[in-house]
2 protein chains.
Amino acid sequence: MSKEIKLNNLTETVQLFKIFSDLTRLRIIDLLYSGEHAVQAIADELDTSQSAISHQLKLLRDMNVVKTRKAGKQVIYRLRDSHIKEIFLIGYSHATECEI
Amino acid sequence: MSKEIKLNNLTETVQLFKIFSDLTRLRIIDLLYSGEHAVQAIADELDTSQSAISHQLKLLRDMNVVKTRKAGKQVIYRLRDSHIKEIFLIGYSHATECEI
DNA sequence: TTGACATGTGAGCACTCGCTCATATAAAAT
DNA sequence: ATTTTATATGAGCGAGTGCTCACATGTCAA
C-alpha cells in the first residue's frame, strides 16, 4: 500500500471519527438510534436550541450520516445505515466498559 | 439507564473518538501499530517537527493510549492495549471500504 | 391571503486545538 | 565539566468549531 493512499485513507478515517467527536452530535446519533425524530423533538429531548440542532443536522446530512423525510411542516431524521450505528456502538461500549 | 449516566457515558465516548479525530495522532497510532518507535523516529517518519509530535504524544499519554520506556536518551513509545488498536482498525476499515 | 408553526441558514463571537518558537530537562559523549 | 543529543513543555498565534441571534424559507390552517 503506497504512502499516498495510506495517508488518504487515514484522512478519511479522521473525518469519520470527527463525526462522533462532539457531544451534541453523539447525543443526536444516540437519540436517532432509537428511531426517527423530528427536529424540534430532538431539540426538546436534548434541551438544546432548535438552531444548534439544525446546524449539527446539516453537518450530519452533509456527511451522509442521516436521511430525512418530510411530514407536513416537520422534517423527520433517521440514521442512514447500520454502518454508522456499528461504529457508534463499538466506541460507546469500549468507552463504557473500561476507563480510557 | 438514567439520563445522567447515559450523558456521562456519551461524554466518555466523545473523548474516545476525539483521540482518533486528528490526522497527526492517527498517523502516530498507525505507525505505532507496526511496533514501538522513539520520538525522533516518529517525527522523521511523519515528516513533522519533534515538538509537534511530542505535544501529541503527551495527549496520547494522558489518554492512556500509549506506554513508554526509556532507552538511554531516547523514549520509546508503543500502543498501550489492543483496545485502542481495535477501534482504530474498525474505523479505518469502515472509512476505506466505502465513501462516507 | 394571512398568520402561525417548523426548519434552514448566514454572521459573528467565544472557545478550542494544533502548530511554531524558545527554552527546560535529562542523559550520553567528549 | 562541558558539549551534544533526545525529549518535554509553556507561551502564543492562526485556523477551525459550535453556539447564539436574527432572519429567511417553507408549509399548513383559518
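Chain A is the first sequence line, chain B the second, and so forth, proteins listed ahead of strands; every chain is numbered from 1.
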- Item | Residues in salt bridge (Lys or Arg N to Asp or Glu O under 4.0 Å) contact with A:Asp30, at least two apart in sequence or another chain | B:Lys6
- Message: Run the side chain to side chain contact (heavy atoms under 4.5 Å, CB included) test against B:Arg80 and tell me which residues pass, sequence neighbours left out.
- Response: B:Asn64, B:Lys67
- Message: Can you measure A:His37 atom NE2 to C:dT7 atom P for me and round it to whole angstrom units?
- Response: 13 Å
- Below 4.0 angstrom from OP1 or OP2 of C:dA27, is there any side-chain N or O of B:Gln74? no
- Rounded off to whole Å, could you give me the CG-to-P distance for the A:Asp22 and C:dC15 pair? 17 Å
- Query: A:Leu26 CG to D:dG18 P: how many Å, rounded?
  - Reply: 12 Å
- Task: Round to the nearest Å and state the distance from B:Asp44 atom CG to D:dA6 atom C1'.
- Result: 12 Å
- Task: Determine the contact category for B:Thr48: base if any of its heavy atoms lies under 4.0 Å from a base atom, sugar-phosphate if only primed atoms, P, OP1 or OP2 are that close, otherwise nothing.
- Result: nothing
- Task: Grab the NZ-C1' distance between B:Lys18 and C:dT16 for me, whole Å please.
- Result: 8 Å
- Query: Whole-Å distance between C:dG18 C1' and B:Asp62 CG?
  - Reply: 15 Å
- Can a side chain N or O of A:Arg25 be found less than 4.0 Å away from OP1 or OP2 on D:dT17? no
- Apply salt bridge (Lys or Arg N to Asp or Glu O under 4.0 Å) to B:Glu36 and list each qualifying residue two or more places apart in sequence or on a separate chain. B:Arg69
- With B:Phe17 via ring pair (Phe, Tyr, Trp, His ring centres under 6.0 Å) - residues at least two apart: A:Phe17, A:Phe20
- Using salt bridge (Lys or Arg N to Asp or Glu O under 4.0 Å) as the criterion, list what pairs up with B:Lys58, not counting sequence neighbours. B:Asp62
- List in chain and number order the residues that pass side chain to side chain contact (heavy atoms under 4.5 Å, CB included) with A:Asp81, two or more places apart in sequence or in another chain; answer none if no residue qualifies. A:His83, A:Ile84
- How long is the line joining CG of A:Leu60 and P of D:dT17, in whole Å? 14 Å
- Does a donor on one side chain and an acceptor on the other come within less than 3.5 Å for B:Glu12 and B:Asn8? no
- Message: Suppose we screen for side chain to side chain contact (heavy atoms under 4.5 Å, CB included). Which residues come up paired with B:Thr48, at least two apart in sequence or across chains?
- Response: B:Arg27, B:Leu46, B:Ala52, B:Ile53
Close N or O pairs between protein and nucleotides 24-30 of chain D (under 3.5 Å):
residue, atom, partner, partner atom, Å
D:dT27, OP1, A:Lys70, NZ, 3.3

- Figure out the CE/C1' separation between A:Met63 and D:dG18, and round it to whole Å. 15 Å
Please list, pair by pair, any protein nitrogen or oxygen found under 3.5 Å from a nitrogen or oxygen in nucleotides 8-11 of chain D.
residue, atom, partner, partner atom, Å
D:dA8, OP1, B:Tyr77, OH, 2.7
D:dA8, OP2, B:Ser54, OG, 2.9
D:dA8, OP2, B:Tyr77, OH, 3.4
D:dA8, N7, B:Gln50, NE2, 3.0
D:dT9, OP2, B:Arg61, NH2, 3.0
D:dT9, O4, B:Ser51, OG, 2.8
D:dG10, O6, B:His55, NE2, 2.8

- Query: CZ of B:Phe88 to CG of B:Leu32: how many Å apart, nearest 0.5 Å?
  - Reply: 10.5 Å
